[in-house]
Every structure is written in C-alpha cells, then in structure tokens.
Amino acid sequence: MSPLKKIGAFTAALTAAFAAAYGVGSAVAPVDGGSTREAAHASMADGDGHAEQGSAAAHTPGGLQVSEGGYTLDLGTASLAAGTRTTLRFVVRDAEGAPVTAYRTEHGKQLHLIVASRELTAYRHLHPTRAADGTWSTPVELPEAGGYRVFADFTPAAAREGLTLGSDLAVTGSYAAHALPAPANTATVDGYTVRLDGTLAPGRESDLTFSVSRAGRPVTTLQPYLGAYGHLVALRSGDLAYLHVHPHEEAEGTAVSGPEVAFTATAPSPGTYRLFLDFKVGDRVHTAAFTATTTGHGH
C-alpha cells in the first residue's frame with residue numbers, strides 16, 4: 001500500500017511502535033495534503049512510523065529509546081509536582097552532544113510532545129517553543145502523581161527520517177493506582193460522544209472509524225487541527241510503545257468535516273492499546289480516549 005493510502009489513517013506506523021489507530025467510513029483528508037513524514041508514519045512496518053530504517057532499528061517500537069540515529073532526548077525536567085503548572089524543559093542533542101537547532105516542520109509544528117502516565121489514564125499533547133540555543137520549553141500541569149513517559153516526535157533538518165524518542169518523568173504527590181479503563185467502542189468528552197468502529201489486529205492493517213456526535217446529532221463542523229480533521233496517538237499498554245497516526249486522504253471533490261474520521265493501522269503485537277483521538281470543534285481541541293484489544297494472532 002502506498003504511503004498516502006496508509007496515511008489515510010491517522011498517520012500510521014503502529015506496527016513496530018504499537019499500532020492503534022482506527023479508521024473506517026468516509027475518509028477525511030489531511031488538510032495540508034500530507035507530508036513525507038506522514039508517509040513514513042503510515043508504513044506501520046517498523047513500529048515507530050519510520051520506514052526503511054532496516055535492521056533491528058526498524059523493529060524497535062517508537063518512544064522506547066532515549067537515543068536513536070545519533071540523536072538523544074535530554075530531559076532537563078526530571079520531576080514535577082502533580083496539579084501544579086510547571087515549565088517542562090528539554091534539549092535534543094546530536095551525536096556530538098550539541099543541541100539541535102534546525103528541524104523540519106511536520107503537521108504544522110517542528111516538534112510534537114506527548115506526555116502520558118504509565119497507567120495511560122493521563123495524557124497531554126503539547127507543542128513547546130524552542131529558544132535560539134536549542135532548548136525546548138512548554139508549560140504543563142499533570143493531574144496525578146506517578147510515573148510518566150515523555151515522547152518527542154520530530155525530524156531534524158539534517159536527518160532523512162523522523163524520530164520518536166522517549167524519557168521518563170516523575171510526578172510527585174499523593175499516589176493512587178488506577179486500572180486501565182475497560183475496552184469500549186464509545187467515549188464521551190466535553191459533551192461530545194465519539195464512537196469507534198473497527199477492530200485492531202496484530203501484524204496486519206485494520207480499518208477503523210471515529211464518529212463524532214453531540215446530543216445525538218452528528219457533528220459536521222470539525223475544524224482542521226495540525227493539518228487534518230483528526231489526530232491520533234496510540235500507546236501500547238505495558239511498555240508505552242508509541243504510534244502517531246493521521247486520517248485517510250479523502251477522494252478529490254468529497255471534502256467533509258465530520259462526523260467521521262477514518263484511519264488505518266497495524267498493531268505490532270497482540271495486546272491492549274490506549275488510543276487518544278484529538279479533534280477540534282468550536283476552536284477548541286478535545287481528546288477522546290479508548291482502550292482497544294487486538295483480535296486474532298500475529299504472524
């Protein structure tokens with residue numbers, strides 16, 4: 001399948017990384033017409049959305065390594081307090097240890113930062129700003145204490161392909177364990193109901209569709225967000241392997257803005273995944289979360 005067709009799912013490379021995107025029904029096209037990075041993510045053959053890397057690297061899920069391809073995520077903020085707005089700082093360093101100061105723009109941003117709790121009950125999609133010296137920073141407030149994983153998704157200007165690097169973050173405070181929410185095909189957020197149609201299978205592509213409604217009525221006023229009408233991140237329960245996906249490219253002349261956003265993804269292994277769908281309505285971004293388990297067996 002061509003990269004563009006694969007992108008027709010939320011940008012996907014859930015294969016080696018930990019696929020978990022869904023998309024069926026009417027396709028929603030990337031507003032910006034797609035990108036090279038989207039094509040890589042859509043490949044799903046390497047787990048972290050970076051196709052053609054070859055060897056063992058091609059089979060290492062995204063976000064599980066703090067260093068890859070000569071680049072290292074140097075998290076300057078090792079811990080922060082729960083419920084407190086704090087500035088999170090970090091630097092991406094090259095093979096010589098120098099801060100990286102030149103990046104390619106992907107989906108409207110030079111770098112996407114995801115912060116998720118190990119229990120996958122807290123999630124933030126952030127877009128930090130970069131100082132001239134290469135230091136990235138963003139304000140963040142995390143709701144609960146515990147272990148978190150920070151994912152930096154970016155493409156250095158000097159690199160041929162994108163990377164997703166991960167590092168641990170400790171959030172202090174009174175800790176209470178949370179069980180992973182049970183699998184369900186509907187989620188409610190900010191008065192919107194999102195339904196997921198389709199199943200995730202290991203080792204092969206799956207089509208999935210997210211349908212957005214409010215008060216029982218389909219929402220047809222979705223707004224572009226990061227160059228598309230939907231944005232999906234999937235994390236594998238257990239190790240938080242990372243996958244970033246984007247919606248199907250839409251057929252020419254059939255522009256739609258909801259209620260459906262379609263995706264294609266491949267789970268890298270049998271297991272349970274947590275899916276976070278960002279969609280924008282009324283100039284506000286909403287995030288619907290789903291727990292999904294794979295069906296069938298891997299190759």
Side-chain angles (χ1 to χ4, degrees), residues 7-12 20-35 37-38 41-42 49 105-116 120 122-129 138-143 151-154 185-198 208-235 242-251 254-265 274-290 292:
I7 271 188
F10 248 29
T11 285
Y22 305 170
V24 185
S26 63
V28 173
V31 176
D32 61 4
S35 71
R37 182 68 184 286
E38 278 189 66
H41 279 166
T105 297
E106 303 289 350
H107 312 306
K109 301 291 181 179
Q110 291 189 350
L111 185 147
H112 298 261
L113 192 73
I114 303 298
V115 182
L120 296 177
Y123 171 87
R124 297 287 186 272
H125 182 170
L126 308 170
H127 296 110
T129 57
T138 181
V140 61
E141 181 177 338
L142 299 175
F151 303 93
D153 188 350
F154 61 94
N185 64 353
T186 60
T188 301
V189 56
D190 304 326
Y192 294 91
T193 298
V194 183
R195 178 182 177 84
L196 170 61
D197 292 305
L208 314 140
T209 298
F210 293 92
S211 303
V212 183
S213 64
R214 186 179 180 89
R217 296 176 178 273
V219 173
T220 57
T221 55
L222 296 180
Q223 298 171 297
Y225 175 60
L226 301 177
Y229 286 110
H231 187 279
L232 185 68
V233 167
L235 300 174
Y242 172 97
L243 176 69
H244 192 168
V245 243
H246 283 269
H248 281 206
E249 183 178 2
E250 179 184 79
T254 58
V256 295
S257 54
E260 297 179 339
V261 182
F263 304 82
T264 300
R274 189 74 168 155
L275 314 178
F276 298 95
L277 172 68
D278 292 332
F279 63 96
K280 187 176 181 180
V281 183
D283 297 324
R284 180 183 174 188
V285 176
H286 311 272
T287 302
F290 298 81

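Heavy atoms only: backbone and side chains are in, while hydrogens, waters and symmetry mates are out.
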Q.
Distance check, rounded to the nearest 0.5 Å: D153 atom CG versus L113 atom CG?
A. 9.5 Å
Q) Under 6.0 Å between ring centres, would you say that holds for F210 and F290? A) yes
Q | Minimal non-hydrogen separation, S211 against E260, with atom names | A | OG-CG, 3.3 Å
Q: For the pair Q223 (side chain) and G282 (backbone), establish whether a donor and an acceptor sit closer than 3.5 Å, ignoring hydrogens and angles.
A: yes
Q.
If I compare all heavy atoms of V261 with all of G230, which pair ends up nearest, and what's the gap?
A. CG1-CA, 4.1 Å
Q) Under the side chain to side chain contact (heavy atoms under 4.5 Å, CB included) test, which residues partner R284, sequence neighbours left out? A) D190, H286
Q. Just wondering, do F276 and I114 contact through their side chains at under 4.5 Å, heavy atoms?
A. no
Q | For Q110 against T105, the heavy-atom pair lying closest together | A | CG-OG1, 3.9 Å
Q. Roughly how far, to the nearest 0.5 Å, is the OG1 atom of T221 from the NZ atom of K280?
A. 12.0 Å
(Q) Which residues pass the side chain to side chain contact (heavy atoms under 4.5 Å, CB included) test with E141, not counting sequence neighbours? (A) R85
Q) Can you name the nearest heavy-atom pair linking L226 to H112, along with the distance? A) CD1-CE1, 3.8 Å
**Q.** Side chain S257, main chain T220, donor-acceptor under 3.5 Å
**A.** yes
Q: Would you give the length of the straight line joining atom CG of L222 to atom OH of Y192, rounded to the nearest 0.5 angstrom?
A: 9.0 Å
Q) In chain order, what residues pass the side chain to side chain contact (heavy atoms under 4.5 Å, CB included) check against A122, with sequence neighbours excluded? A) S117, P143, E144, Y148
Q.
Using 0.5 Å steps for rounding, measure from the CG atom of L275 to the OG1 atom of T287.
A. 12.5 Å
Q. Between F279 and V194, does a side chain to side chain contact (heavy atoms under 4.5 Å, CB included) hold up when you go through it step by step?
A. CA-CA 10 Å; F279 63 96; V194 183; 3.8 Å; yes
Q.
Let's go through L235 and F151 carefully: what are the C-alpha distance in whole Å and the side-chain angles of both, what is the deciding distance for side chain to side chain contact (heavy atoms under 4.5 Å, CB included) to 0.1 Å, and is it a yes or a no?
A. CA-CA 11 Å; L235 300 174; F151 303 93; 3.8 Å; yes
**Q.** Candidate pair R195 and N185, rule side chain to side chain contact (heavy atoms under 4.5 Å, CB included), full reasoning
**A.** CA-CA 6 Å; R195 178 182 177 84; N185 64 353; 3.4 Å; yes
Q: Please report the shortest heavy-atom distance between R274 and A289, naming the atom on each side.
A: NH2-CB, 3.5 Å
Q: Assign the ring pair H231 / H125 to parallel, tilted or perpendicular, where the plane angle (0 to 90°) is split at 30° and 60°.
A: tilted
